[in-house]
Number of protein chains: 2
Amino acid sequence: MPGSWKDVFHSFNKKATPSRYAIVKVFEEKAKHLSAEEVYECLKVRKQKIGIATVYRNLDLLLRMGILRKVNFGDGKEHYEMVHRPTQYHHHLICTNCGQVIDYGEVVQEEKSFLKRLKEELERKYHFRIESHHIYFYGLCHHCQKE
Amino acid sequence: MPGSWKDVFHSFNKKATPSRYAIVKVFEEKAKHLSAEEVYECLKVRKQKIGIATVYRNLDLLLRMGILRKVNFGDGKEHYEMVHRPTQYHHHLICTNCGQVIDYGEVVQEEKSFLKRLKEELERKYHFRIESHHIYFYGLCHHCQKE
DNA sequence: TTGAATGCAAATAATTTGCACGGAT
DNA sequence: ATCCGTGCAAATTATTTGCATTCAA
């Protein structure tokens with residue numbers, strides 16, 4: 001396992017195991033949101049010996065470590081994706097008909113400044129310390145509009 | 001049942017049943033997001049004879065009718081809430097420690113115009129027809145910050 | 001009257017847990 | 001050597017489905 005991930009796990013007083021490394025590698029390589037089952041299937045294809053329970057336990061660990069975040073598309077299962085640096089954040093566009101999900105980056109200039117202001121306003125008003133946010137847009141994808 | 005709801009169901013070619021009316025009444029009165037189980041428990045307290053399957057079936061119906069929307073707080077169950085007119089929309093602030101959810105309305109002036117622009121940009125770029133959006137903010141509530 | 005809606009129980013799907021064993025430190 | 005992490009199977013939780021019965025139109 002590359003030293004960097006090893007160090008990350010150790011910095012959280014967690015052991016750097018093959019299972020854990022295999023999971024983060026899947027997310028690094030696929031670079032998209034995956035359900036627990038999808039991670040599990042992907043690892044099976046790669047001949048990585050792992051149980052589904054270990055996948056769930058480590059997804060939860062990676063969540064608590066701040067390496068993954070949960071996203072939910074309303075399809076009955078949780079999905080997970082890597083947390084990117086603030087400059088690389090993205091949100092989701094979900095087709096309510098076919099379930100397709102599109103990741104989009106920053107498309108409008110003032111997005112960051114607007115969200116910063118909204119965040120600060122919410123923190124003051126509700127005495128929260130806000131750590132992240134997520135925007136979901138729902139509608140019909142190109143294909144489903146024609147039906 | 002008040003004529004208005006009766007008409008709404010009929011306009012969708014659906015029967016106006018006591019179960020359906022009881023469910024919308026719960027959402028009207030509680031005015032907040034509820035899980036299927038919470039709706040069911042609430043109706044039991046009110047002596048409304050109903051099965052949990054009927055609750056799920058009608059939540060789904062009300063979703064398709066555009067009366068309810070699904071919201072997800074990452075706690076393993078779906079929650080539902082009434083869709084309000086665009087001028088009354090609100091989003092959610094979720095405490096990642098205790099799970100508390102705060103509904104917030106429009107707190108920053110340019111919120112609507114910003115989101116309108118973002119929506120239009122996304123529609124053009126991805127050929128979507130966007131119908132709604134939802135913003136979630138995550139962090140620590142006042143109480144959990146002190147721990 | 002008649003098909004849509006319901007209640008109940010059983011089925012399914014997603015996720016979690018208990019426990020004995022194996023492996024990272 | 002020591003526990004943390006793991007696999008497996010069983011348990012739990014959320015949601016869906018099949019079917020006989022009920023009831024709104």
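In what follows, chains are A, B, ... by sequence order, proteins preceding strands, each numbered from 1.
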Write down the distance between OH (A:Y21) and P (D:dG5), rounded to a whole number of angstrom.
19 Å
Side chain to side chain donor-acceptor pair (under 3.5 Å) with B:K49: which residues, sequence neighbours excluded?
none
Any luck finding a side-chain donor-acceptor pair between A:H33 and A:D103 under 3.5 Å?
yes
Quick check on the helix from C:dT1-D:dA25 to C:dT25-D:dA1: what's the angle between its two end axes, five base pairs per end, to the nearest 10°?
40°
What is the separation between atom NZ on A:K44 and atom P on D:dT6, rounded to the nearest whole Å?
18 Å
Holding to ring pair (Phe, Tyr, Trp, His ring centres under 6.0 Å), I want the full list of residues that pass it with A:F114, two or more places apart in sequence or in another chain.
B:F114
Taking all non-hydrogen atoms of both residues into account, name the closest pair between B:K70 and A:G74 and its distance.
NZ-O, 3.3 Å
Checking the side chain of B:Y136 only, and the main-chain atoms of B:N72 only, is there a donor and an acceptor separated by less than 3.5 Å?
yes
Test of understanding: with side chain to side chain contact (heavy atoms under 4.5 Å, CB included), list the residues that count as partners of B:E37, not counting sequence neighbours.
B:S35, B:Y40, B:E41, B:I52
Near DNA chain D, which residues from residues 45-61 of chain A have a heavy atom under 4.0 Å away?
A:K49, A:I50, A:G51, A:A53, A:T54, A:R57, A:N58
Side chain to side chain contact (heavy atoms under 4.5 Å, CB included) involving A:H127 - partner list, sequence neighbours excluded
B:H142
State the CD-CZ distance between A:E81 and A:F27, to the nearest 0.5 angstrom.
9.0 Å
A:H10 atom NE2: more than 12 heavy-atom contacts under 6.0 Å:
yes
Side-chain donor or acceptor of A:Y138 paired with backbone N/O of B:H134 under 3.5 Å
no
Scan residues 63-70 of chain A against DNA chain C and write down, sorted by residue number, each residue with any heavy atom closer than 4.0 Å; if none is found, say none.
none
Can a salt bridge be assigned to the pair B:K119 and B:E123 using a cut-off of 4.0 Å between side-chain N and carboxylate O?
yes
same_hphob_cluster(A:V26, A:V24) at 4.5 Å side-chain heavy-atom cutoff:
yes
Counting distance only, does the side-chain N/O of B:R20 pair as donor-acceptor with the main-chain N or O of B:N58 below 3.5 Å?
no
Outermost contacting nts on DNA chain C, any atom under 4.0 Å from chain A heavy atoms, listed 5' then 3', are C:dA14 to C:dT25
At a cut-off of 3.5 Å, list every protein nitrogen or oxygen paired with a nitrogen or oxygen from nucleotides 22-25 of chain D, distance to 0.1 Å.
| unit_1 | atom_1 | unit_2 | atom_2 | d |
| --- | --- | --- | --- | --- |
| D:dA25 | OP1 | B:H10 | NE2 | 2.4 |
| D:dA25 | OP1 | B:A16 | N | 3.3 |

Is the shortest distance from a Lys or Arg side-chain nitrogen in A:E29 or A:R46 to a carboxylate oxygen in the other one below 4.0 Å?
yes
Do B:I67 and B:Y56 share a hydrophobic cluster (ILVMFWY, side-chain heavy atoms under 4.5 Å, transitive)?
yes
Would you mind telling me which residue lines up with the more 5' stretch of DNA chain C, A:D75 or B:N13, judged by nearest nucleotide?
B:N13
For B:I94 and B:Q100, what are the C-alpha separation, side-chain angles and deciding distance, and is it a side-chain contact (heavy atoms from CB on, under 4.5 Å)?
CA-CA 6 Å; B:I94 303 161; B:Q100 181 197 173; over 6 Å; no
Partners meeting ring pair (Phe, Tyr, Trp, His ring centres under 6.0 Å) with B:Y126 (sequence neighbours left out):
none
Sorted by chain and residue number, the salt bridge (charged side-chain N to carboxylate O under 4.0 Å, His left out) partners of B:K116 (sequence neighbours excluded) come out as B:E120
Near-strand residues of residues 28-39 of chain A, defined as heavy-atom separation under 4.0 angstrom from DNA chain D:
none
